[in-house]
Amino acid sequence: MVQMWLLVCLLTLSSVALMTAVGGDVCVAGHDSGPVFEEQPSSLIYPEGLTEGKVTLSCQARANPAAAYRWLVNGTAVPLNLDRYSLVAGTLVISSPDPIRDTGSYQCLAINRCGTIISRAANLKFGYLHDFPPDGRSPQTITEGQGTFLACQPPPHYPALSYRWFLNEFPNFIRKDDGRWFVSQVTGNLYLAKAEPNDTANYFCFTTINMEVSTKSTFSKANHCITRLLSAPTIKVRFLADTYALAGHTTQLECFAYGNPVPKVRWRKVDGLMPSKAGPTVEGPTLTLPELSFDDEGIYECEAYNSEGRDTYQGRINVQAQPEWLQVMTDSEVEISSDLQWSCVAAGKPRPSVRWLRNGQPLSTQDRVEVNGVHLRIINLALEDSGMYQCVAENKHGTIYSTAELRVQVQAPDFRLNPVRKLIPAARGGQVMIDCRPRAAPKPSLFWSRGTELLTNSSRYFPTVTPDGILWIYNISRADEGKYTCFAENYLGKANSTGHLSVRDATKITLAPSNADINQGENVTLQCHASHDAAMDLTFTWSLNGVLLDLENSAGPYHRKENTGDLLIVRAQLSQAGTYVCTAQTVVDSAAASAKLVVRGPPGPPGGLLVKNVAETSVELRWSRGYDNHSPIGKYVIMGRSPLSSEWRKMRTDPVNIEGNAESARVTGLIPWTDYEFQVIASNILGSGEPSMPSHIVRTLQAAPTVAPSGLGGGGGDRDELIVTWTPMAREYQNGDGFGYILGFRKKDTSSWTEVRVPRVESSRHVYYNSSLAAYTPFEVKIKAYNRKGEGPFSQVAVVHSAEEEPTVGPSSINATALSAFEIQVSWEPVQQLSTNGILRGYEIRYWRQHEREAAADRVRTAGLEPTARVSGLRPSTRYHVAVLAYNSAGTGPPSPRTAVTTRKPPPNRPPGSVSWKAHGSRVTVRWDQVTAMHNERWLICFIHLNLYLRSELKATCM
């Protein structure tokens, strides 16, 4: 009685406290539910100065009864009674927003009689972009060939800007694909790798701010730039900073270099593999990494390179993360006087802190409540502990909330929602578990009876009842059939529930599957038969290594034979090896048998591939053995690739044949100063396996060049010049940076060589000038390559002549003959090649009409040394002057004596008329009207055209 009186007193006091808290209303168990947010406010940037607009902060919660709403700004209640604020459902609308009054952190409270929850904080900030100062900017002088930058110096703004630059007039924006220019989205500055003379211009920094509601742009005063003089080649990386980035977001690293020639930029990850997500941005000034993960953290290096050398700079990406729940609390209904333990665990970087709220108010350790970081414990629960609880995890990158409702229950035992099963089938010889789980608070006492017999922990039924009320019956026989009743009782009342136990024949495996050993790609059948109670349906299932197999997919590798449990595996693969379990099952019991399937096949991929002892033309690889898949590994093959070829190819190794028990080998025959990645493939008598994961990319050491440039030749040019040409060497032959060419030359039949250095890899010619150089002097030339590590071998010697002089004599005995009204033939006495000033290439024919000046003459060149040529495209009945000149690579010589020729009259324009014909056996007679030539036309010669296949087609032509 004392206990009952205390309970009634507790209920009365708790009800009064709860009614006071929620305005005289009580949360009804099984009917009411506390608020749960469906929509929460989000942070917003509103344009400063847009006073006619409205700010909307959304808030909507699911609750029964419906929730009421309040709002807080910076922890203080929002005065909803003012006209500036309005509440639409739970959404807060602010009219004519003002930066001074409305900037802050907003939170929504949703309230009903079951409790209160508070939303995440939404920050309302005001965005702005002021104009650039009106003051002009000082002109900037840039040295031609050198790099520089133009400072943007953006005006005050919020949030971050995007930057572009245009020159002279809007919208002549600088193109992103112009490798000489780079616009930093960090500083806004415009960087120029190498200045050129045409870079003199006015440059404007164009800034844009993007907000959800609007966009604003402004641009600076002109930066006037002037280029002057030519500077020496250089290379220097300008900037790269350590970056803190959020996981899941996109981050960018910027790197730009000054240099002449314009440098190229490429990226690598110093302490690991470059993430594949970087894509093509690994070649360029901005490295972009989308959807950042912690694996992407590390040191990144940008390398700028050109023919003059290379420069590098390193920066670190430190990946941090907003809080993310790993474990949260869930709604709980807990009996009175018991204990509650909740945990909320969050991941994040920096590590998030966790705090707790009850009905929107902070919770701390006091009385029966213990708050210990991520854990909340309440002992001896009372009715007033019911309500809405939230755990809040936060770090500097964000805040997250988890919400759950706690209901403290007081109830007499009740089986209506969870009665004992009415029919409980069980297999003979097996065991059965009968549950007893009434709703009750506090926890009731439970006991069982069979018929009228109270069950105790006798040897027959031991243990009969577990502490949580479960009845177990072992070694079941027909004698165990009957009714079983569970009784539940606490100090509020008692209840019971009854079920009937029905005993059936047990299921047994009669033909178990046998172990099998097959090769990859073969078929195999695993047999499985069983006996069972005839009154029940029997089903077969199969599992592989504990995972249930899908036997319904006709396109899959697994098929079950009709009317049996046999399993057919079609074209077995290595992944299908393991332990197969056949289970024969009825609703009452099941029986199982297992067998092992061994699938032999090619080896699995080797693991742990490492690259060691990198040299100029070789590296050492080490790996660990992969699975042999039940067939000994016979040998290994090493594959490799480089930027010179994207395809994997077999590499030369030492030893040449790598035995199956090896775990290292040396790769030889590599190209110095080249990036490589490698794979290892194992094979056995059943074939080659999958390749290992690619190694990290390594660059072989630099070495002196080993081959000479090809295509050595030259000649031509202006007077006093010796021009030497060659084919620039490809990347795979350079062997190192600081690459260039050493050119040696000397006059033929002399002993002393002159050497010059040509420092650019893309160079393909050199011009040697000497005012005393005789025309068409033969020189012996040779060339070799050099880099920072040394010089390569010279090429074979080639003979190149200095520039030729024009021929000194002209042709003689010029003769010109008219061939038709439009064509003449010219002939001459050729020039004798007795001069040493060059090689005669051919002749140039100049012709001009009688009334024209020789300077306006048309010209035709022959391609060889023939002393005759035809000139066509002339005018009929026209007198022409003709002269002939010899030419070589230096130009034309003096003209021959001129001659004159008159083209013939043109043929008639009119065709013959009235053409007719008549056949006489093998003869044809043709008739036509005579054509009379005009005074400016020649007399006629007529041709008859007769188509012998189309007898009706005949025409005449006169000329």
Are Ile299 and Ile317 side-chain neighbours, meaning at least one heavy-atom pair lies under 4.5 Å? no
Shortest non-hydrogen pair, Ala245 vs Leu292, comes out as CB-CD2, 3.2 Å
Going by atom types alone, do Arg666 and Ser618 pair a side-chain donor with an acceptor below 3.5 Å? yes
When every non-hydrogen atom of Val799 is compared with those of Pro778, the smallest separation belongs to CG1-CB, 4.2 Å
Cation-pi check for Trp753 against Lys782: NZ or CZ below 6.0 Å from the six-membered ring centre and within 45 degrees of the axis, yes or no? yes
Quick one: does Leu253's side chain get under 4.5 Å of Arg316's, heavy atoms only? no
Parallel, tilted or perpendicular, as decided by the 30° and 60° cut-offs, for the rings of Phe779 and Tyr768: perpendicular
Do Arg164 and Phe173 form a cation-pi contact, if we require the NZ or CZ to be under 6.0 Å from the six-membered ring centre and within 45 degrees of the ring's axis? yes
Testing the 3.5 Å rule here: is there a donor-acceptor pair between the side chains of Gln320 and His397? yes
Contact between Val282 and Arg266 at the side-chain level, heavy atoms closer than 4.5 Å - yes or no? no
Proximity of Phe126 and Tyr158 rings by center, below 6.0 Å: no
Side chains of Thr207 and Ser162, heavy atoms from C-beta outward: is any pair under 4.5 Å? no
Between Thr288 and Thr281, do the side chains contain a donor N or O and an acceptor N or O under 3.5 Å apart? no
One pair to check against ring-ring contact (aromatic ring centres under 6.0 Å, His included): Phe149 and Tyr258. What are the steps and the verdict? CA-CA 10 Å; Phe149 76 94; Tyr258 299 160; 7.6 Å; no
Just checking Glu283: does its CD atom have more than 12 heavy atoms from other residues, nucleotides or ligands closer to it than 6.0 angstrom? yes
Can you confirm whether Glu169 is buried at CD, in the sense that more than 12 heavy atoms of other residues, nucleotides or ligands lie under 6.0 Å from that atom? no
Sequence neighbours left out, what passes ring-ring contact (aromatic ring centres under 6.0 Å, His included) with Trp165? Give chain and number order. none
With a sphere of 6.0 Å drawn around NZ of Lys277, does it hold more than 12 non-hydrogen atoms of other residues, nucleotides or ligands? yes
Ring centers of Tyr203, Trp181 separated by less than 6.0 Å: yes
Determine whether the aromatic ring centres of Tyr128 and His130 lie less than 6.0 Å apart. yes
May I have the step-by-step check of salt bridge (Lys or Arg N to Asp or Glu O under 4.0 Å) for Asp199 and Arg180, ending in yes or no? CA-CA 11 Å; Asp199 291 330; Arg180 293 193 306 120; 2.8 Å; yes
Pair Tyr741 + Tyr786: ring centers closer than 6.0 Å: no
Stepwise salt bridge (Lys or Arg N to Asp or Glu O under 4.0 Å) test for Lys612 and Glu620: CA-CA 5 Å; Lys612 299 286 187 180; Glu620 182 184 348; over 6 Å; no
According to salt bridge (Lys or Arg N to Asp or Glu O under 4.0 Å), who are the partners of Arg841, at least two apart in sequence or on a separate chain? Glu804
Any Phe204 side-chain heavy atom under 4.5 Å of Leu167 side chain: no
Please check if atom CD in Glu324 has more than 12 non-hydrogen atoms from other residues, nucleotides or ligands closer than 6.0 Å. no
Please examine the side chains of Ser795 and Leu712, heavy atoms only from C-beta on, and report whether any two atoms are closer than 4.5 Å. yes
Please find the pair of heavy atoms, one from Ala304 and one from Pro263, that lie closest to each other, and give the distance. CB-CB, 4.2 Å
Quick one: are Ile638 and Leu621 in side-chain contact, heavy atoms under 4.5 Å? yes
If the test is salt bridge (charged side-chain N to carboxylate O under 4.0 Å, His left out), which one of Arg699, Arg788, Arg731 qualifies with Asp737? Arg788
Determine whether the side chains of Thr286 and Glu254 contain a donor N or O and an acceptor N or O closer than 3.5 Å. no
Counting C-beta onward and ignoring hydrogens, is there a side-chain heavy-atom pair between Val767 and Leu722 closer than 4.5 Å? no
Does either side chain, that of Thr215 or that of Asn210, offer a donor lying less than 3.5 Å from an acceptor on the other one? yes
Ring-ring centroid check Phe206 Phe170, cutoff 6.0 Å: yes
